[in-house]
Amino acid sequence: MPQNPTGQRIQTFYDRVYEFVRGVPAGRVVTYGQVALELGSPAAARAVGYALSYLPNESAVPWWRVINAGGEISYRNRGISADMQLRLLIEEGVAFGANGKTDLRTYRWWPEG
DNA sequence: GAGATGACGGGCT
DNA sequence: AAGCCCGCCATCT
């Protein structure tokens, strides 16, 4: 983990991504761009996805509740992980249509609200 | 410091 | 509607 000269732990952008995502309740979702926005870097959606790519599937951080702006599962069909994400969300009550999309107006979560 | 990397996003064809 | 293209960002070499 990165540290400053005095040995104190530096909170990187990635750390802040994990912190924010941990606050997303079951049955709700957020988008990559939204997380970036909430963290103060509106255009860092890509970096958000990159940060989540380092998490193991069994992470305490609910990475599966983060989807793209189109209401779809991303992950580029990389192995079984995309299927796992879809399954986990459905188990939590997030409905997906035959087009593979969910309704963000219904399931999107915003902090403090 | 320049170049590469990506689970993105929006605009244009 | 489905791609393609390009800008953006944090990190790592």
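By convention in this document, chain letters (A, B, ...) are assigned in the order of the sequence lines, proteins followed by strands, and residues within each chain are numbered from 1.
Here the side chain of A:Arg108 pairs no donor or acceptor atom with the backbone of A:Val29 at under 3.5 angstrom. Checked by atom type and distance alone, the side chain of A:Trp63 pairs as donor or acceptor with a backbone atom of A:Asn57 at under 3.5 Å.
Atom CD in A:Glu72 sits roughly 11 Å away from atom P in C:dG3 (whole-Å rounding). As a whole-Å value, the separation of A:Leu39 CG from C:dT11 P is 11 Å. The CG atom of A:Leu55 sits 16 Å away from the P atom of B:dG6 (whole-angstrom rounding). The interatomic distance linking A:Gln11 (CD) with C:dA10 (P) rounds to 14 Å, in whole Å. Atom pair A:Leu37:CG and C:dC9:P shows a separation of 13 Å (rounding to whole Å applied). A:Leu52 places its CG atom 18 Å from the P atom of C:dC9, with the value rounded to the nearest Å. Rounded to whole Å, the distance from CZ on A:Arg16 to P on C:dC9 is 15 Å. Rounded to a whole Å, the CD atom of A:Gln85 is 11 Å from the P atom of B:dC8.
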Heteroatom pairs (N/O) under 3.5 angstrom, protein to nucleotides 9-13 of chain B:
| unit_1 | atom_1 | unit_2 | atom_2 | d |
| --- | --- | --- | --- | --- |
| B:dG9 | OP1 | A:Gly33 | N | 3.1 |
| B:dG9 | OP1 | A:Ala69 | N | 3.3 |
| B:dG9 | OP2 | A:Ala69 | N | 2.8 |

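Between A:Val30 and the choices A:Ile67, A:Leu37, A:Val35, the side-chain contact (heavy atoms from CB on, under 4.5 Å) rule is met once, by A:Val35.
At a cut-off of 3.5 Å, with distance as the only test, a side-chain donor of A:Trp64 or A:Glu92 sits close to an acceptor on the other residue.
For A:Tyr50, the ring pair (Phe, Tyr, Trp, His ring centres under 6.0 Å) partners at least two apart in sequence or on another chain are A:Tyr54. A:Phe13 pairs by the side chain to side chain contact (heavy atoms under 4.5 Å, CB included) definition with A:Val17, A:Leu39, A:Ser41, A:Ala44, A:Ala47, A:Val48, not counting sequence neighbours.
Atom-to-atom distance recorded for A:Arg16:CZ and A:Glu38:CD is 10.5 Å, nearest 0.5 angstrom.
Look at A:Ser41 and you'll find a side-chain N or O under 4.0 angstrom from OP1 or OP2 of C:dA10.
Where A:Phe13 and A:Ala43 meet DNA chain C, the nucleotide closest to each residue was compared, and A:Ala43 sits on the side nearer the 5' end.
On the P atoms, C:dC8 is 15 Å away from B:dC12, given to the nearest whole Å.
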